[in-house]
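Residue numbers begin at 1 in each chain, while the letters A, B, ... track the order of the sequences.
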Amino acid sequence: MKEIRYIRAITEALSEEMARDEDVFVIGEDVGGPGGAFSATKDLLEKFGEKRVKDTPISESAIVGLAIGAATQGLRPVAEIMFMDFLTVCMDQIVNQMAKMRYMFGGIYKLPVVIRAPCGGGLNAGPQHSQCLEAWFAHIPGLKVVMPATPYDVKGLLKTSIRDDNPVLFIENKALYAFKGEIPEEEYLIPIGKADVKRKGRDVTVVATSRMVHQSLEAAKSLSNEGIEVEVIDLRTINPLDKETIFQSVEKTSRLVIAHEAVKAFGIGAEIAAMVCEEMIDCLDAPILRVGAPFVPVPFNLENFYLPNTEGVVQAVKKVMAY
Amino acid sequence: MKEIRYIRAITEALSEEMARDEDVFVIGEDVGGPGGAFSATKDLLEKFGEKRVKDTPISESAIVGLAIGAATQGLRPVAEIMFMDFLTVCMDQIVNQMAKMRYMFGGIYKLPVVIRAPCGGGLNAGPQHSQCLEAWFAHIPGLKVVMPATPYDVKGLLKTSIRDDNPVLFIENKALYAFKGEIPEEEYLIPIGKADVKRKGRDVTVVATSRMVHQSLEAAKSLSNEGIEVEVIDLRTINPLDKETIFQSVEKTSRLVIAHEAVKAFGIGAEIAAMVCEEMIDCLDAPILRVGAPFVPVPFNLENFYLPNTEGVVQAVKKVMAY
Amino acid sequence: MVKRETLLEMFYLMVKVRRVEERLLDIFAQGRIPGFIHVGIGQEAVAAGVCSQLEPNDYIFTTHRGHGQAIAKGIDLKRFMAEIYGRRDGYCKGKSGSMHIACKEMGVVGSNGIVGGGIPISLGTAFASVWKGEKRVTVCFFGDGAANEGTFHESLNLASLWNLPVIFCCENNGWAQFTPQKVYMKLENISARAGSYGMVGVTVDGDDVLKVYEEAKRAIERARKGQGPTLLECKTHRWFGHFAGDAQKYRPAKDIEEARGFDPIVKFQRFLIESKYINPEYIKTVEAKIKSEIDEAVSFAESSPVAGEEELFNDVYV
Amino acid sequence: MVKRETLLEMFYLMVKVRRVEERLLDIFAQGRIPGFIHVGIGQEAVAAGVCSQLEPNDYIFTTHRGHGQAIAKGIDLKRFMAEIYGRRDGYCKGKSGSMHIACKEMGVVGSNGIVGGGIPISLGTAFASVWKGEKRVTVCFFGDGAANEGTFHESLNLASLWNLPVIFCCENNGWAQFTPQKVYMKLENISARAGSYGMVGVTVDGDDVLKVYEEAKRAIERARKGQGPTLLECKTHRWFGHFAGDAQKYRPAKDIEEARGFDPIVKFQRFLIESKYINPEYIKTVEAKIKSEIDEAVSFAESSPVAGEEELFNDVYV
Ligand SMILES: Cc1ncc(C[n+]2csc(CCOP(=O)(O)OP(=O)(O)O)c2C)c(N)n1
Ligand SMILES: Cc1ncc(C[n+]2csc(CCOP(=O)(O)OP(=O)(O)O)c2C)c(N)n1
Ligand SMILES: [Mg+2]
Ligand SMILES: [Mg+2]
């Protein structure tokens, strides 16, 4: 095992996959040189050369379109979009083209495209650089949506995403880029669509994603001191959703809290709550509570009021316990 | 009262508001001449002249951007985007600009922009011309999302939307354009954010939107013959959501089914189910079921298998009744 | 000079595209095709002039008005027709219809229902060709209206910058749906926009198949030799409405009449006859052959079943 | 000839912008400002040359690197600074920071964090001005990198087509974040793209405030007279990194040194002194005045509180 930052785990995954498969290339704004805005692609240009590390103009639709076209011919592009908020300037390519092409054309294409994009607040980056929009993409058939929370998961899942023959939206979290964690020295993969029970517990299930996984673990720790044992499930993949792991846990705990950083209303927590309510309502001993952001744009300097946090999870858990 | 088609009710609303307020103008592709792809703006060019009926290039981002800028200066643009699927080519303008501008700039602007766009299948228009994407926009603070199902509602709500000082995404349904219904001769308005109980019933609440309102009413009719009395709530507005009307009904019926044409997974039905499950789970006598499209792109010629329909609502209602 | 076989091939393709679309209008008017279709009658010279000189493994991208290019690129008429009918044996198993024909074997990468939506993707096949050291060129067809979408701009810039082997073929029929060109852009020649990217731009009479052939040849050669992309604008005329059933009330009758005066088939046929390449007898044979191909395609399509519910769930993911 | 007051005003603005941004770099390095900031040190002549001749009710749109233009347009330095600090008395109540300054009274319609995001919106204020029969012009600032976004294309086409009174002012500093111009476009002059829209395009030495002034004057006059938009490219130099804290390791030291050699303030100051408009004493006075303005702004900002939680929910809807 070794300790590594989330951002460097991404770099390792890219580097390993590029070494393993000559058809993998990275493309995006500033991905050469210093390795993009957050240095995810650092040193790849030196290692793999200009053929496989493609610096582009600021033209997100062209970036994604090129990736799609190249993928129809067997290449395996990994496109970087600098902030998740900028996916808005290439939504047609993602949603109407990439997601639908295989279906629309009768299955003739595989589309092994990965689009990496960081979500989230915590950096005081303001309303146009802090959003969590995973719910949009989870609503679109044809895409897979991956959203890892730890260095270990980000590396294993990015490697798997690159090997997947379907388009994958790979949502990183910029507030986690500097976060450190252990990973094995040797190669490993993590399957897409498999949630991870990050902490076992008998009383309440907390399903969380991305940064909120860490807040939930913190919450679980402090609640444990009060005798409440929380099971924390890190979803890791938003689509396909690992219903089984969630359901098994809820069956055991009978209490569910969902925590994500995205705006609560119409977020992915709604789907999880609705699924449980549809298929196992009788298991529930309490309402399903959701912890998410309020219905306002992400403010520059009021993030401390805006961002869902540990305390929010603690309160929600206590509420379902007290019910 | 008079009988009118849904599409002509739209035209009337536009025409009346343009006559009433000189700052209202329509803008979009082909909106002059024959009045756009679906003739919504028919005859407006003749009536109001070129100043107020603006035919544009095929440049959706420029259309929406212009509307936003004009709105900051007190004009009241009504932009037409020909199919809801094409909102993907101007998402940044809608989501990062229009929705956030008031908040982002400390409240200095009012943004009375209406974007009209038709959703939905039923015309065999294929995967890129049939989507229902209302869930995306409902997730974005700063937008209002309106989605009427009848000529009466579409007229009254479009008029109110034009008078609203906030950006409104006004989602029409192209399969309903030819649908006929009664409206008053005299002027009327319908408030945004108010659901409509389209049929009263004691046994099951069905919350529906757009085309599925009609399917739900049909379902209710046939179920009534079997002694099941369904209450059909037409949401009419997705955001703000009329929680009160939904909750009151569920309190009475204790059973909830939600029906929309959008893909079921991560659709707006999830939010409604989650809300109910969060705040009034103990009222429920059965799981909350959702009727929505399967997780596949909209197929050209398999719409009969794809589209959520009356039978789907009937089945769901029977299931919650039998529970 | 253009070789005789090529001339005859182009003639055949033009007549074939015309007759197929005439038949489609017919069938559509009878309500036998679901959804909507867009025909390019009057624009056949562009597809024939360009596609007749492409290799089978070259790539093309087409639009909602893409029947002609796909046929000229050599797709199978039966599966094409079945797709438009929405039947199981169609190219997309009936799931996509007229607007979304694709045929991997013949390099028809895909038709697109989003105006300008295919342009960015065409960069990718061109990129892959260079990557693999192949000499395959990509032709991306789009309309005059599409030249005002942001994707046009982003894509042409990137293609020129990276010297990609792609020909951006703008089929300028003077109309974007119900709106004539002068209402939505100031320039007369879209090819002038090539200058914004340091790219070669040419405008050609798109109703003259020989001229299209010639300029397309240069563009294709440039691309194949690694000399970069071309913006090739072919000025042509749309005879019918935007979609089948559009009565073109917004369009002066004179304009339609004039458009029909530019008939590329009449023009080319006259040339071929005057130059003694063909005679009226030959034309009859060609027409007969085409008719039987179309008959066969239609009956193939009509006898192919609509897929069952199980097909709904196929091909969303690998 | 340019009037003396105008010359002095431009000088004042350039020095003010420079000193404000120097102070911002300082404060930022001390960790007193949250988030990130982008300074335009070295580019002051563009803002001053353009904005000094705008009326208070003319409109400007700015970008992430927009301090200079906003200051030159006349916003209040105290509220500006408070916004960058994220404080309650900032222009946006502290909710948006450096990237999103807006001031309705002074026509700073809004700064934008999305590259190319403001360009379409600038059409709207220009449209409204024509609509109301006012003679207000709109200046939309953006960078060289932004000229490859689709919105640039769509917006310039529409502006030209409708003859809108807008000046598209491309502040070309040769870099888009970490990437130099030649890596992302073939053309040297972005103004050449004006031809794609039938618009006037001009490139000017953006480090020479008099040249900027002159060309901007023509463009503004054209716009005010209803003669349509202009694409005005000002070639200038970015001295510092893309954002404060960016050490520019990707950039040759020589390039940075050269950039600093183009100092627009040094150049203009020399001219003013040689032409006897000012003397060293005058400069000292200006510097002193600016220093006290900045000191005042900083202490205003630092003594303004951060808004409370209740502010979180304000201004989402009317
Ligand atoms: C993004 C987008 N906007 C609008 C449309 C609706 N639409 C379909 S075809 C068309 C006109 C296209 O004109 P042009 O590019 O000249 O092609 P033509 O139809 O003349 O072949 C329009 C506006 C669309 N399909 N996609
Ligand atoms: C749509 C979008 N893509 C990418 C970015 C990230 N980004 C911010 S500034 C910038 C460079 C902009 O370069 P230029 O337009 O030349 O402006 P400059 O920074 O030089 O003033 C980039 C890539 C963004 N903010 N928005
Ligand atoms: Mg056209
Ligand atoms: Mg720049």
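- Looking at R136(C), the atoms closer than 4.5 Å to chain A (heavy atoms on both sides) all sit in the side chain, from C-beta outward.
- From S61(A), atom OG reaches atom CG of L158(C) across 11.5 Å, with rounding to the nearest 0.5 Å.
- Residue E22(A) touches chain C through its backbone alone, counting heavy-atom pairs closer than 4.5 Å.
- Contact check for F105(A) versus D315(C): no side-chain heavy atoms found under the 4.5 Å cut-off.
- When each of A159(C), A128(C), G97(C) is checked for heavy-atom pairs under 4.5 Å with chain A, A128(C) comes out on top.
- S96(C) places a side-chain N or O within donor-acceptor distance of the main-chain N or O of M104(A), the cut-off being under 3.5 Å.
- Between K144(A) and Y317(C), some side-chain heavy-atom pair lies under the 4.5 Å cut-off.
- N112(C) has its side chain within reach of Q97(A): a pair of non-hydrogen atoms, C-beta onward, lies under 4.5 Å apart.
- Judged purely by atom type and a 3.5 angstrom limit, N166(A) uses its side chain to pair as donor or acceptor with the backbone of V318(C).
- Looking at K104(C), its side chain does come within 3.5 Å of a backbone N or O of I108(A) through a donor-acceptor pair.
- Contact count versus chain A (heavy atoms, under 4.5 Å) is highest, among E311(C), E83(C), K93(C), for K93(C).
- Interface remark: L156(C) contributes no atoms to any contact with chain A (heavy atom separation under 4.5 Å).
- P120(C) approaches A62(A) most closely through the heavy-atom pair CB-CA, 4.1 Å.
- Remark: F243(C) engages no residue in a ring pair (Phe, Tyr, Trp, His ring centres under 6.0 Å) (not counting sequence neighbours).
- How far CD1 of I68(A) is from OG1 of T125(C): 12.0 Å, rounded to the nearest 0.5 Å.
- Put simply, of N96(A), L75(A), D164(A), D165(A), the one with the most heavy-atom pairs under 4.5 Å next to chain C is L75(A).
- Of all heavy-atom pairs between P57(A) and N157(C), the closest is CG-ND2, 3.6 Å.
- T151(C) OG1 to E60(A) CD: the interatomic distance, rounded to the nearest 0.5 Å, is 13.5 Å.
- If you measure heavy-atom distances from L161(C) to chain A, the contacts under 4.5 Å come from the side chain alone.
- Contacts from residues 59-73 of chain C to chain A, taken as heavy-atom pairs separated by less than 4.5 Å, involve Y59(C) in sequence order.
- Enclosure of atom CD in E187(A) by more than 12 non-hydrogen atoms of other residues, nucleotides or ligands within 6.0 angstrom is indicated.
- Proximity to chain A (any heavy atom under 4.5 Å) is restricted, for V108(C), to the backbone atoms N, CA, C and O.
- The residue among I101(C), L164(C), N314(C), I119(C) with the most heavy atom pairs within less than 4.5 Å of chain A is N314(C).
- Contact between I121(C) and Q93(A) at its shortest, heavy atoms only, is CG1-OE1, 3.4 Å.
- For S129(C), no part lies near chain A; criterion is any non-hydrogen pair under 4.5 Å.
- Distance check, rounded to the nearest 0.5 Å: OG1 of T138(C) to CD of Q73(A) gives 8.0 Å.
- Contact detail for T56(A) and W162(C): the closest heavy-atom pair is CG2-CH2, 3.9 Å.
- Contact of W131(C) with chain A is made through backbone and side chain together, with heavy-atom distances under 4.5 Å.
- In terms of heavy-atom pairs under 4.5 angstrom with chain C, the leader among K54(A), K110(A), K100(A) is K54(A).
- Ring centers of F313(C) and Y103(A): at least 6.0 Å apart, outside the cut-off.
- Taking CG of D23(A) as the start and NZ of K132(C) as the end, the distance is 7.0 Å to the nearest 0.5 Å.
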